K.L.:
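Please find one structure pasted underneath; my questions will follow.
If you're wondering where the values come from, they're calculated on a predicted model, not measured in any experiment. What you see below is based on every heavy atom in this structure, not just the backbone, and it leaves out hydrogens, waters and symmetry mates.
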Amino acid sequence: MGAHPKGDAIITDNKIDHKTLGKWIAAHPECLGTKVREIFQNQLPFLFKVLSVRLALSIQAHPDKALAKRLHTQYPQHYPDDNHKPEMAIALTPFRGLCGFRPIPEVVGFLKAVPEFYTLIGKEAAEKLEASVTRPSDDVEVRKALQTCFTSMMQSNKKDCAEQLNLLVQRVSQQSKSGEDISSCLGDLLLTLHSQFPGDIGCFAIYFLNVLTLQPGEAMFLGANEPHAYLEGDCIECMACSDNTVRAGLTPKFIDVQTLCEMLTYTAAPASTKLFPPTPISEDPYALLFNPPVPDFSVIKIEVPPSVSQYHVAALDSASILLLVRGEATSHVPYASLHLTPGSVLFISANESLILHNSNSQTLLLFRACCLL
């Protein structure tokens, strides 16, 4: 997301004038003019946006820095920079996504319960994965078996995929019409994804990946080489500055199945482990810090109750972006008085603070993206 619809930015002496507060929410190269891009990218090593998902987004993963450099060198038309792209999603509404590999017993359970899935994987790969359940301490063999299974599915030819998916969809649709319980094969999700992406191999990925539903205020962090897909809902998203996405399903965009299958960590864990909890900020009773294990970004969630008429936005060592999601506020800065409504965005330079005045005695909900030094 680039220029705020309220107007264009005003640049003075390589600084962003206070009149431009509320104009920007991200430092994406495709969105900004040359001078503005230069200023933002020098101060902000992250992208920050509101994401509203109505159609599922692709089965994907993001490379670490070493892989990003190699992909950019070899295929710059598909991987336009050499940076990694860790990202975090914080739910604004119930937000559903696929995140990381399921525990192996769950995948084996679907192989037994969904014959079409088993057929697509193949007997040899399926039996190796099932055998690995009996020796969970052998982590290397478990990951190898999971990789073999997942790769076998993702690299299956289109004819076999379409055939087995059609058989599965027909069976589940008939069961649904007959009033049967289709939850054991994630029937509702399967039918939704198939309606959005008919015949797509990504429809089978639900049997490998955790289905996670975040409640408002909950988050998930997606590190390098972690398979994921956003399915539905609204969220705040923050990520490192990069366009490097390796896709392999549920998308009309370029897919790179081989790279995706080779890069993944194949770490299997329950869905509950994918929740990324915030920590309180001792100096601010209204703020929670989402601080992922990367240096590129952090996000502060701020929720100010109606009883608090003024809120002090503390100075930080880095520049930051402040987004108002709910409520109304005013603030007085040099050269301007600001009236903030849902969707207003403020760029705050390093070591600057401001006071927000609650305009209508409602709860203020804000998110602040920054780079903690």
Side-chain angles (χ1 to χ4, degrees), residues 1-3 24-49 51 53 56-89 97-101 143 147 150-151 154-155 200-202 205 209 220-230 235 237-267 292-299 318-319 321 369-373:
M1 192 179 300
W24 304 100
I25 189 170
H28 195 288
E30 297 300 321
C31 299
L32 309 179
T34 302
K35 177 63 76 173
V36 178
R37 178 170 67 245
E38 209 172 89
I39 294 168
F40 268 84
Q41 291 187 324
N42 285 340
Q43 300 196 54
L44 301 175
F46 57 79
L47 307 175
F48 185 49
K49 62 183 178 181
L51 181 65
V53 180
L57 302 182
S58 59
I59 305 292
Q60 61 181 255
H62 304 298
D64 58 25
K65 288 190 174 183
L67 179 57
K69 289 180 180 179
R70 179 169 67 81
L71 292 174
H72 177 59
T73 299
Q74 295 177 328
Y75 313 106
Q77 71 275 29
H78 300 306
Y79 304 102
D81 59 77
D82 63 359
N83 199 19
H84 67 167
K85 193 183 178 183
E87 64 186 35
M88 181 166 55
L98 304 176
C99 183
F101 284 99
R143 292 187 189 209
Q147 181 173 6
F150 185 74
T151 302
M154 295 303 297
Q155 293 184 343
D200 194 294
I201 188 65
L209 305 181
M220 57 178 156
F221 171 72
L222 303 160
N225 307 321
E226 180 99 51
H228 61 279
Y230 296 155
C235 75
E237 188 179 30
C238 197
M239 65 194 74
C241 282
S242 174
D243 272 336
N244 288 325
T245 300
V246 183
R247 301 179 179 88
L250 303 182
T251 181
K253 297 181 179 181
F254 171 76
I255 62 172
D256 190 348
V257 174
Q258 180 176 342
T259 298
L260 184 90
C261 292
E262 291 175 352
M263 70 188 282
L264 300 180
T265 60
Y266 295 99
T267 300
V294 293
D296 306 78
F297 63 87
S298 299
V299 177
S318 77
I321 295 176
C370 57
C371 180
L372 298 180
L373 304 177

K.L.:
Check step by step if side-chain contact (heavy atoms from CB on, under 4.5 Å) holds for I321 and F46.
P.N.:
CA-CA 10 Å; I321 295 176; F46 57 79; 4.2 Å; yes

K.L.:
Can you run down the ring-ring contact (aromatic ring centres under 6.0 Å, His included) pairs that involve residues 59-80, sequence neighbours left out, and say none if there aren't any?
P.N.:
H62-H228, H78-F254

K.L.:
Near Q155 CD, under 6.0 Å, is it more than 12 heavy atoms from other residues, nucleotides or ligands?
P.N.:
yes

K.L.:
Ignoring hydrogens, what is the shortest heavy-atom contact between A229 and S58? Give both atom names and the distance.
P.N.:
CB-O, 3.4 Å

K.L.:
Any chance you could measure L67, atom CG, to K65, atom NZ, to the nearest 0.5 Å?
P.N.:
13.5 Å

K.L.:
Looking at every non-hydrogen atom in both residues, tell me the closest pair between L222 and C99 and how far apart they are.
P.N.:
CD2-SG, 3.4 Å

K.L.:
Pick out which of N225, D296, D64 makes a side chain to side chain donor-acceptor pair (under 3.5 Å) with H84.
P.N.:
D296

K.L.:
By side-chain hydrogen bond (donor to acceptor under 3.5 Å, both in side chains), which residues pair with S298, not counting sequence neighbours?
P.N.:
N291

K.L.:
Evaluate side-chain contact (heavy atoms from CB on, under 4.5 Å) for T251 paired with D200, printing each intermediate quantity in order.
P.N.:
CA-CA 8 Å; T251 181; D200 194 294; 5.9 Å; no

K.L.:
Sequence neighbours left out, what passes side-chain hydrogen bond (donor to acceptor under 3.5 Å, both in side chains) with Q74? Give chain and number order.
P.N.:
R70

K.L.:
Got a second to check how far T245's OG1 is from M239's CE, nearest 0.5 Å?
P.N.:
8.0 Å

K.L.:
Could you measure the distance from the CD atom of E87 to the CD atom of E226? Nearest 0.5 Å is fine.
P.N.:
10.5 Å

K.L.:
Is there a side-chain contact (heavy atoms from CB on, under 4.5 Å) between C370 and F48? Walk through the geometry before answering.
P.N.:
CA-CA 9 Å; C370 57; F48 185 49; over 6 Å; no

K.L.:
Look up atom CD in Q258 and atom CD in E262, then write down how far apart they are to the nearest 0.5 Å.
P.N.:
4.5 Å

K.L.:
Please name all residues satisfying ring-ring contact (aromatic ring centres under 6.0 Å, His included) with F297, sequence neighbours left out, ordered by chain then number.
P.N.:
none

K.L.:
Please determine which of L98, L250, L51 meets the side chain to side chain contact (heavy atoms under 4.5 Å, CB included) test together with Y230.
P.N.:
L51

K.L.:
With R247, which residues qualify under salt bridge (Lys or Arg N to Asp or Glu O under 4.0 Å), at least two apart?
P.N.:
none

K.L.:
Taking all heavy atoms of C235 and all of A89, pick out the closest pair and write down the distance.
P.N.:
SG-CB, 4.0 Å

K.L.:
For C241 and L44, work out which heavy atoms get closest and say how close.
P.N.:
SG-O, 3.9 Å

K.L.:
Nearest heavy-atom pair of K85 and N244: which atoms, and what distance?
P.N.:
CD-O, 3.7 Å

K.L.:
Considering only heavy atoms from C-beta outward, does the side chain of P63 approach that of M263 to under 4.5 Å?
P.N.:
yes

K.L.:
Looking only at side-chain N and O atoms, does S242 offer a donor or acceptor that is under 3.5 Å from a partner on D81?
P.N.:
yes

K.L.:
Using the test side-chain hydrogen bond (donor to acceptor under 3.5 Å, both in side chains), find all partners of Q147 that sit at least two apart in sequence or belong to another chain.
P.N.:
none

K.L.:
So which heavy atom on A240 is nearest to which on N83, and how close?
P.N.:
CB-ND2, 4.3 Å

K.L.:
Could you grab the distance from atom CG of L264 to atom CE of M154, nearest 0.5 Å is fine?
P.N.:
9.0 Å

K.L.:
Hey, could you give me the OG1/CG distance between T73 and D82, rounded to the nearest 0.5 Å?
P.N.:
7.5 Å

